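Residue numbers run from 1 in the order of the sequence given. Note that this is a predicted model, so its numbers are computed, not measured.
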Amino acid sequence: MERVGAVFEKIVAGSLRRSPAGEAPLLAWSIASGPAVSARTKALNFADGLLRVEVPDHGWRTELQALAPQYLAVINRYVAESVRRIEFVIADNAVGENARVNRT
């Protein structure tokens with residue numbers, strides 16, 4: 001079974017590395033965060049090493065901020081473009097200049 005996992009990881013990584021510029025980190029968010037977190041969050045955009053992710057509320061932002069280093073490690077294992085930071089944006093504030101953010 002371990003061998004199947006390694007093959008699957010190679011396929012996923014290869015596909016993400018062939019994605020158009022800027023899209024791979026957005027797609028990799030779902031893989032890195034898993035189905036439960038992915039269902040409640042949304043990767044908004046990626047530019048200059050910064051991945052912005054929409055979260056439902058302050059509690060989610062706090063929890064995910066603590067896990068950000070692990071998410072970065074997983075995402076960077078799959079993508080060609082380096083993600084240096086994840087910015088968690090609360091859903092109500094995701095659009096607009098006054099968005100409250102927490103950065104890694």
Side-chain angles (χ1 to χ4, degrees):
M1 191 64 168
E2 186 175 317
R3 185 177 173 145
V4 171
V7 170
F8 178 71
E9 188 168 329
K10 276 185 168 183
I11 292 169
V12 169
S15 295
L16 287 173
R17 287 189 183 112
R18 287 189 299 275
S19 297
E23 286 186 24
L26 300 174
L27 298 170
W29 170 251
S30 295
I31 295 166
S33 63
V37 172
S38 180
R40 299 285 312 268
T41 62
K42 179 182 178 185
L44 298 172
N45 55 48
F46 174 75
D48 300 321
L50 174 65
L51 176 63
R52 294 183 73 235
V53 176
E54 182 181 82
V55 297
D57 58 40
H58 291 281
W60 274 83
R61 184 175 70 182
T62 300
E63 290 295 320
L64 295 183
Q65 184 65 36
L67 297 170
Q70 290 138 328
Y71 291 141
L72 284 169
V74 173
I75 290 169
N76 284 317
R77 190 169 66 217
Y78 289 115
V79 301
E81 301 168 89
S82 179
V83 179
R84 293 186 307 272
R85 226 173 43 206
I86 301 174
E87 181 176 79
F88 297 101
V89 182
I90 297 171
D92 294 337
N93 298 325
V95 178
E97 296 178 6
N98 297 322
R100 292 186 216 174
V101 296
N102 211 358
R103 297 178 183 194
T104 295

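Between the side chain of Arg84 and the backbone N or O of Asp48 there is at least one donor-acceptor pair closer than 3.5 Å.
In this structure, Ile86 CD1 and Ile75 CD1 are separated by 4.5 Å, a value rounded to the nearest 0.5 Å. For the atom pair CG (Leu51) and CZ (Phe88), the distance works out to 8.0 Å, reported to the nearest 0.5 Å. Between the CZ atom of Arg61 and the CD atom of Glu87 there is a distance of 10.0 Å, given to the nearest 0.5 Å.
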Only distances under 3.5 Å count here; give the side-chain donor-acceptor pairs of residues 35-46 to other protein atoms, sequence neighbours excluded, each with its distance to 0.1 Å.
{"residue": "Ser38", "atom": "OG", "partner": "Ser30", "partner atom": "OG", "Å": "3.1"}
{"residue": "Thr41", "atom": "OG1", "partner": "Trp29", "partner atom": "NE1", "Å": "2.9"}
{"residue": "Thr41", "atom": "OG1", "partner": "Val37", "partner atom": "O", "Å": "2.9"}

CA sep, side-chain torsions, deciding dist, call: Leu27, Tyr78, side-chain contact (heavy atoms from CB on, under 4.5 Å) = CA-CA 10 Å; Leu27 298 170; Tyr78 289 115; over 6 Å; no
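Around CD of Glu63, the count of heavy atoms belonging to other residues, nucleotides or ligands within 6.0 Å does not exceed 12.
Listed by first and then second residue, the salt bridge (charged side-chain N to carboxylate O under 4.0 Å, His left out) pairs that reach into residues 72-81 are Glu9-Arg77, sequence neighbours excluded.
In terms of heavy-atom proximity, Gln65 sits nearest to Pro69 at O-CD, 4.0 Å.
Contacts of Asn76 classified as side chain to side chain contact (heavy atoms under 4.5 Å, CB included), with partners at least two apart in sequence or in another chain: Leu72, Val79, Ser82, Val83.
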